[in-house]
Protein chains: 2
Amino acid sequence: MTATRPEPTTSAAEAVGLREVVEIRRTMPPASVERLPGYLRVLTDLAARGVTSASSQQLAELAGVGPAQLRKDLSHLGSHGRRGVGYDVDTLRERVQSALGLVVELRVAIVGAGNLGHALANYSGFGARGFTVAALLDSNLALVGTEVAGVVVEDVARLADVVRDLDVSIVVIATPGEHAQEVCDVVVAAGVREILNFAPRALQVPDDVELRSVDLGSELQILAFHSRERSGREAAGL
Amino acid sequence: MTATRPEPTTSAAEAVGLREVVEIRRTMPPASVERLPGYLRVLTDLAARGVTSASSQQLAELAGVGPAQLRKDLSHLGSHGRRGVGYDVDTLRERVQSALGLVVELRVAIVGAGNLGHALANYSGFGARGFTVAALLDSNLALVGTEVAGVVVEDVARLADVVRDLDVSIVVIATPGEHAQEVCDVVVAAGVREILNFAPRALQVPDDVELRSVDLGSELQILAFHSRERSGREAAGL
DNA sequence: ACATGTGAAGGCTTTCACAGCA
DNA sequence: TGCTGTGAAAGCCTTCACATGT
């Protein structure tokens, strides 16, 4: 995974006019934010299995992190555990969910109805995790009008309209690399501030836009590095 | 993106018997390794456009990082730039490529021939980046025998055979979350040491296995966090 | 007893700023 | 002069260890 963290610690509290406000805006470290979805997944699983309470040790094991790290991460959300006992699964799940802003269903538009766009639109985990695929757009007019996963493909030229009319807050870019930057520019111009990019390009966005990028090729290459490292080690040592 | 870095700095040199060996094994920091694919992409683009030389400033801009960071990252590969001039694009490209172990085509197997597996198998960027989809496997016998992207789908029960016979070095898990851990266990037992997981689960692997995980839902949830943060800021400040 | 919440320590990463070389 | 390569500084993040509370 590749992520962008442009702002060098923009204090949220500073942007707020009132300083002596009651609710202290606890600003969570980016590294902790990235682990919250993992905790939410574990908590949802446990809740579904009827488990009502769990220790940091148990939760950490399921999430694949250390117990101390999990406790520190959760401490940024305030104290919700009970000493000597552990955490109440349901309470904590709700707290994490609300911290992630998943109280309302967020609406997502996918640009690019090729292989990947298709797969993403059909991805069942979407709804289960609080998101709705509100629109699917493509520049290929042969695809426009066809239906994918219950959504009619729109012309990418209508993107600004779609974003406004359907109240889209997150756009997923699943186009070929060549068109990714131009699509990205249009998306930003349409007022979208959260973008997830699957195209193999480093996209340029203004500072106030949150961009995350996932590139399959890069992931494989990182694994390839370790593979080579390993084979070198084995050849020399073993 | 979620990544695992289990080993608390396992010294590669330590695993090697010889200490006074000629080739000092330069151990590259994990954070630098993660950026190498991005640099390689930029260098390949420039080479294709006929550019022969570039400064750290230019390369960094295209890769979306700072110039100092790029220089430091590249310094782990040895000195390949020319002071006062910049880097030779082609030389550097080859150096990065070889550092990533992309001198030979690496063979990949994809487990799970559903929506995502399908899309991954058809992903054209595969070959262009030095990887071959050698096999596609699924547990659904209705899919076994059908052809996807020029590859015949095999029964997942034959995984160990496939890995051995086709010399697979990387396995991509694209199954539903429920089956991901059992598939993972089989993959590890088959001797594979590099795994890319797309299933929404934290998988448990031995220390000597390199596991990287990409979870669409988590990426969206991280964006949702920033979306909420932003709306709170606007409501309060503006 | 037991497990959380958290200062403090230690490790890693990024950024700075300049020496060194073409 | 211009740009690389790199020690040193600054900033993050993780881990430790224990005080705190039940």
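Letters A, B, ... mirror the listed sequences (proteins, then strands); counts begin at 1.
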* In whole angstrom, what separates B/M28's CE from C/dT13's C1'? -> 14 Å
* When you look at CZ of A/R82, are more than 12 heavy atoms from neighbouring residues, nucleotides or ligands closer to it than 6.0 Å? -> no
* Do B/T44 and B/R93 have side chains that get closer than 4.5 Å, going by heavy atoms? -> yes
* Asked: Do A/V168 and A/V108 touch side chain to side chain, with heavy atoms closer than 4.5 Å?
  -> no
* **Toward the 5' end of DNA chain D, by each residue's nearest nucleotide, A/R71 or B/S56** => B/S56
* Rounded distance (Å) that lies between atom C1' of C/dC12 and atom CD of A/Q69 -> 13 Å
* Whole angstrom is fine here: how far is it from CD in A/E34 over to P in D/dT14? => 9 Å
* Could you check how far NE2 of B/H76 sits from P of C/dC12, rounded to whole Å? => 13 Å
* Asked: Is there a donor N/O on one and an acceptor N/O on the other, under 3.5 Å, for the side chain of A/R82 and the base of D/dT22?
  -> no
* Asked: For the pair made of CG in A/D73 and C1' in D/dC13, what is the distance, rounded to whole Å?
  -> 10 Å
* To do: Identify, between A/A68 and B/S55, the residue whose nearest nucleotide on DNA chain D lies closer to the 5' end.
  => B/S55
* Asked: Heavy-atom distance under 4.5 Å between the side chains of B/I195 and B/V188, does that happen here?
  -> yes
* Distance test, side-chain N/O of A/R35 to OP1/OP2 of D/dT14, below 4.0 Å -> yes
* **Length of the CG-C1' vector between B/L70 and D/dT6, whole Å** => 14 Å
* Asked: What integer distance in Å separates B/L74:CG from D/dT6:P?
  -> 11 Å
* 5'-most by nearest nucleotide on DNA chain C - B/G84 or A/A54 -> A/A54
* Would you classify A/P29 as touching base, sugar-phosphate or nothing, given that sugar-phosphate means primed atoms plus P, OP1 and OP2, and contacts are heavy atoms under 4.0 Å? => sugar-phosphate
* **Under 3.5 Å donor-acceptor pair, A/R83 side-chain atoms to D/dT22 base atoms** => no
* Taking CD from A/Q57 and P from C/dG5, how many angstroms apart are they, rounded to a whole number? -> 15 Å
* Side chains of A/L216 and A/F198 in contact at under 4.5 Å (non-hydrogen atoms) -> no
